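Taking it in order: structure first as structure tokens, then the write-up.
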Amino acid sequence: MTTSIFVNLPTVDLDRSKAFYEALGFTINPAFTDENAACVVLDEHIYFMVLTREYLGTFTDKQIIDTTTQAQTAISFTRDSREEVDDMLAKGLAAGGTEPREAQDYGFMYSRDLEDPDGNILGFLFMEPAAAEMGPEAYLAQQEAATAAAGA
């Protein structure tokens, strides 16, 4: 059996959340969507359950945090290029999201954060395939050696 991932996210405006995630290119599964929750399909095994704060509160005795002022988690997604990272941010910003900090460029990895309208943190990143295979330190050392050899 394949493991599926369901991430529960609180919202104060379910319709706004559905529109935001659809603007990012994801779909809503109507079979698991009602006035309390929407099932956002990221791929065949990864889903966001965007739940009204009140409904999410029925699943736990813990306080549901205010995602506009507190962070409980940040969820990151890889993209195939820097341009795809920038494209996701452009879509999210146009749909009412915000970018809480500037892009992070580490040479081997490029990432940008996007907050949905409720303040839930989504990260989008591109990592050089060689860095993912070798590890960041080995990749950067190889890049430095190649630059030094080209300058010699």
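Everything numeric here is computed off the predicted structure, so don't read it as measured data.
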Distance-only, no hydrogens or angles: does the Thr60 side chain make a donor-acceptor pair with backbone N or O of Gly57 under 3.5 Å?
no
What one should report as the nearest heavy-atom pair of Ala95 and Ala23 is CB-CB, 3.5 Å
Q | Cluster overlap Leu56 with Val7, hydrophobic side-chain contacts below 4.5 Å | A | no
Quiz item: Hey, does Ile28 have a side-chain heavy atom less than 4.5 Å from the side chain of Val41?
Solution: no
Q. So, Thr68 versus Asp66: side-chain donor-acceptor pair below 3.5 Å or not?
A. yes
Tightest non-hydrogen contact, residues Phe20 and Leu122, listed as CE2-CD1, 4.3 Å
Heavy-atom side-chain contact between Met88 and Leu114 under 4.5 Å | no
Rounded to the nearest 0.5 Å, the CD atom of Glu102 sits from the CD atom of Gln104 at a distance of 8.0 Å
Checklist entry - Does the side chain of Leu51 come within less than 4.5 Å of Thr58's, by heavy atoms? => result no
**Report entry** Residue pair Tyr21 / Leu9, side-chain heavy-atom distance below 4.5 Å
**Finding:** yes
Got Phe124 and Leu89 here, is their nearest side-chain heavy-atom distance under 4.5 Å?
yes
Between Gly107 and Tyr139 the two heavy atoms that sit nearest each other are O-CE2, 4.5 Å
Distance col, row Ile121:CD1 vs Ser76:OG, nearest 0.5 angstrom, shows 9.5 Å
dist Leu93:CG -> Lys91:NZ (nearest 0.5 Å) comes out at 12.5 Å
| request: Determine, using the 4.5 Å side-chain heavy-atom cutoff (strictly less than), whether Ile64 and Val12 are members of one ILVMFWY cluster. | output: no
Practice prompt. Could you give me the CA-CA distance, side-chain angles and deciding distance for Tyr106 and Leu140, then say whether side chain to side chain contact (heavy atoms under 4.5 Å, CB included) is met?
Written response: CA-CA 10 Å; Tyr106 300 100; Leu140 290 172; over 6 Å; no
Side chain proximity check, Glu128 to Met109, heavy atoms < 4.5 angstrom
no
inquiry  = Side-chain heavy atoms nearer than 4.5 Å, only ILVMFWY residues, links allowed to pass through others: does that put Met49 and Leu14 together?
reply    = no
Sorted by chain and residue number, the side-chain contact (heavy atoms from CB on, under 4.5 Å) partners of Thr67 (sequence neighbours excluded) come out as Pro10, Ile65, Asp118, Asn120
*Are any of the side-chain heavy atoms of Val40 and Asn29 separated by less than 4.5 Å?*
no
Here the gap from Asp116 atom CG to Thr11 atom OG1, rounded to the nearest 0.5 Å, amounts to 7.0 Å
Using modelled atom types and a 3.5 Å cut-off, is there a donor and acceptor pairing between side-chain atoms of Arg82 and backbone atoms of Phe126? no
Under 4.5 Å between side-chain heavy atoms, counting indirect links through other Ile/Leu/Val/Met/Phe/Trp/Tyr residues: same cluster for Phe6 and Phe59 or not? yes
#### Entry: Heavy-atom side-chain proximity of Phe108 to Met127 below 4.5 angstrom
yes
Residues 30-47 vs side-chain hydrogen bond (donor to acceptor under 3.5 Å, both in side chains), sequence neighbours excluded, gives none
key: More than 12 heavy atoms from other groups under 6.0 Å of CZ on Phe32   = no
Sidechain-backbone polar pair: Gln72 side chain, Gln70 backbone, donor-acceptor under 3.5 Å = no
Can Asn8 and Phe48 be said to form a side chain to side chain contact (heavy atoms under 4.5 Å, CB included), step by step? CA-CA 6 Å; Asn8 295 319; Phe48 282 170; over 6 Å; no
When rounded to the nearest 0.5 Å, the distance separating CD1 of Ile46 from OG1 of Thr3 is 11.5 Å
When every non-hydrogen atom of Ser111 is compared with those of Leu125, the smallest separation belongs to CB-CB, 3.7 Å
